[in-house]
Amino acid sequence: MKLIFERGMEGQRCTILPDCDVPEICLDVPGRGLPLRLPHVSENEISRHYTELAGQVHGVNNGFYPLGSCTMKYNPKVNEEAAALPGFTDIHPLQPEDTVQGCMKVLDAAKQMLLEITGMDDMTMQPAAGAHGEFTGLLLIKAYHDSRGDKKRTKIIVPDSAHGTNPASAAMAGFEVVNIPSGEDGCVDLEKLREAAGEDTAGLMLTNPNTVGLFDKNILAITSIVHEAGGLAYYDGANLNAVMGIARPGDMGFDVMHINLHKTFSTPHGGGGPGSGPVGCKAFLKEFLPGLQPAKSEAGYTFTAPRRSVGRVKMFYGNFLVVVKALTYLLVLGREGVRDASRNAVLNANYMMRKLQDIYPMAYPETCMHEFVMCLENMKHDADVTAMDVAKALLDYGIHPPTMYFPLIVHEALMVEPTETESRETLDEAIRAFREIYDCAKKDALRLHEAPVHAYIRRPDEVQAARKPVLRYFFPDAVRNPAQ
Ligand SMILES: *Cc1c(COP(=O)(O)O)cnc(C)c1O
């Protein structure tokens, strides 16, 4: 496919700019006066160009997208309409409070609903993503221990079934990470936790459901072991879509947590955002929250700064329009709808898992939450077909590959999250695809090594693409700098 710069010809254009109505200023900038190398294309061509580009990627609008740990679900278009209302977009973050009462109400209403769903007492909308929320939550934990003069608590316990961002955030926040292994059942090993917890424990971070898709059955024991040692319990609630409306981290003994609005609460994501990772906490931590909090009084909403705030983690109020989308989603679903979404997420995952487990061994055969993990070690051993081959073959069926080789504690892992918004028909088609691929692995493994045959890009060198991405374009007539 041609780049936009390689299309069109001199003189073609698709916009006619109005005459300049401000005085021209001449700045002495090097290169000024040289013609800009802009594409010369008509509106028709630009439209075709982007349509063709869009046809080369797989999104939720193209087909099933069971990417585990990412929640690539259908996001209602009505959310976009709400977020595009001029009352939400044509405002400035420094406008006087009395001119943005509606927006403050949105922040507060979304917060109240999310507090009810999580069982927390207060919340900040500032963090821009899940990992950013983790970092913020850890700053609260640090501020709490510091406020009590308890300086020896330097360690954060992270089970090996945690999301990869957990240890990274703990290190970023200046803590030492203590890893503990899971038991045979995929849950936290309580003995190992007791050994690890002590006077130097600042807290524990628990991803729940964990990265193998299980709700930790010892969750109450886990939080009480951490509390007895004097630490705080952090809940990674990025994926709340198996839990919301059914169980609340606040009731399980967690002191602080984050949620990903861009996963559970329906904002399309990928390609870098925008996201939102609100952090909820119990009342004893609220004075440390970052940013301004909308507070309701007789006269309307005003912003107040928490007394001993850890400081801002993002400008102003976070990604406000993502909060608008989350609130729209919650209002449309309602109380029962939220619970049904969780039930369907769990039902869909278990349905697929049970329909595949006779040929694809599950890493943990227990009832799963919103996702499950298959272990393809046998297939690799017997047929020389890897998790990667199966994932690639799915592309030819119009299915986005599941998450591959994650979590690290499962070899040849494929992690599938069907999401709550897929129909049984779609799940049955995907099950059929998995089964056909399995048959193919036995009869014609070579064909799977060649897959995908229909995708635009088939088997790129992934290491090279990640380590040495080609991000620059050289015009054919440009003089190359030999040093580049
Ligand atoms: C996605 C995810 C995160 C990180 O969220 P980002 O918005 O990508 O930073 C953290 N924990 C879990 C369990 C996740 O699934």
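Hydrogens, waters and symmetry mates play no part in the numbers below; they use all other heavy atoms, side chains included. Numbering of ligands and ligand atoms starts at 1, following listing order.
Tyr144 and Phe284 have their aromatic ring centers within a separation under 6.0 angstrom.
Salt bridge Lys105/Asp108: absent, no basic N to carboxylate O contact under 4.0 Å. At a threshold of 4.0 Å, the pair Glu191-Arg194 counts as salt-bridged, since one of the basic side-chain nitrogens sits closer than that to a carboxylate oxygen. At a threshold of 4.0 Å, the pair Asp428-Lys355 does not count as salt-bridged, since none of the basic side-chain nitrogens sits closer than that to a carboxylate oxygen. Lys392 has no carboxylate O lying under 4.0 Å from a charged side-chain N of Asp389, or vice versa, which leaves the two without a salt bridge. Under a 4.0 Å N-O distance rule, the pair Asp122/Lys111 qualifies as a salt bridge. Between Arg148 and Asp146 there is no salt bridge, since no side-chain nitrogen of the basic residue lies less than 4.0 Å from a carboxylate oxygen of the acidic one.
Residue Ser69 has at least one heavy-atom neighbour below 4.0 Å for each of these atoms of ligand 1: 1 (C), 15 (O). The His262 neighbourhood of ligand 1 comprises atoms 7 (O), with distances under 4.0 Å to a heavy atom of that residue. Atoms of ligand 1 found under 4.0 Å from any heavy atom of Thr207, numbered from 1 in the order shown, are 13 (C). Those atoms of ligand 1 with a heavy atom of Ala129 less than 4.0 angstrom away are 7 (O), 9 (O). Proximity to Ala131 (heavy-atom distance under 4.0 Å) selects the following atoms of ligand 1: 4 (C), 5 (O), 6 (P), 9 (O).
At a heavy-atom distance under 4.0 Å, only side-chain atoms of Asn260, from C-beta outward, approach ligand 1. Here Ala238 has side-chain heavy atoms under 4.0 Å from ligand 1, and that is the only part of it that gets that close. In His132, neither the side chain nor the backbone holds a heavy atom less than 4.0 Å from any atom of ligand 1. Proximity of Asn239 to ligand 1, defined as any heavy-atom pair under 4.0 Å, is confined to the side chain (atoms from C-beta onward).
Contacts of Glu80 classified as salt bridge (charged side-chain N to carboxylate O under 4.0 Å, His left out), with partners at least two apart in sequence or in another chain: Lys325. Partners of Glu287 under the side chain to side chain donor-acceptor pair (under 3.5 Å) rule, at least two apart in sequence or in another chain, are Arg307, Arg308.
Remark: Arg458 is not positioned above the aromatic ring of Tyr456, lacking an NZ or CZ atom under 6.0 angstrom from the ring centre and at most 45 degrees off the axis.
Contact analysis puts Glu134 in contact with ligand 1, with a non-hydrogen atom separation below 4.0 angstrom. At a 4.0 Å cut-off, not a single heavy atom of Gly277 sits close enough to ligand 1 to count as contact.
For atom 3 (C) of ligand 1, the closest heavy atom belonging to the protein is His163 CE1, 3.4 Å. Given atom 11 (N) of ligand 1, the protein heavy atom at minimum distance is Asp236 OD2, 2.6 Å. Summary of contacts: the protein heavy atom closest to atom 6 (P) of ligand 1 is Gly130 N, 3.4 Å. Remark: minimum distance from atom 1 (C) of ligand 1 to any protein heavy atom is reached at Lys263 NZ, 1.4 Å.
Put simply, atom 8 (O) of ligand 1 has no protein non-hydrogen atoms near it, under 4.0 Å away.
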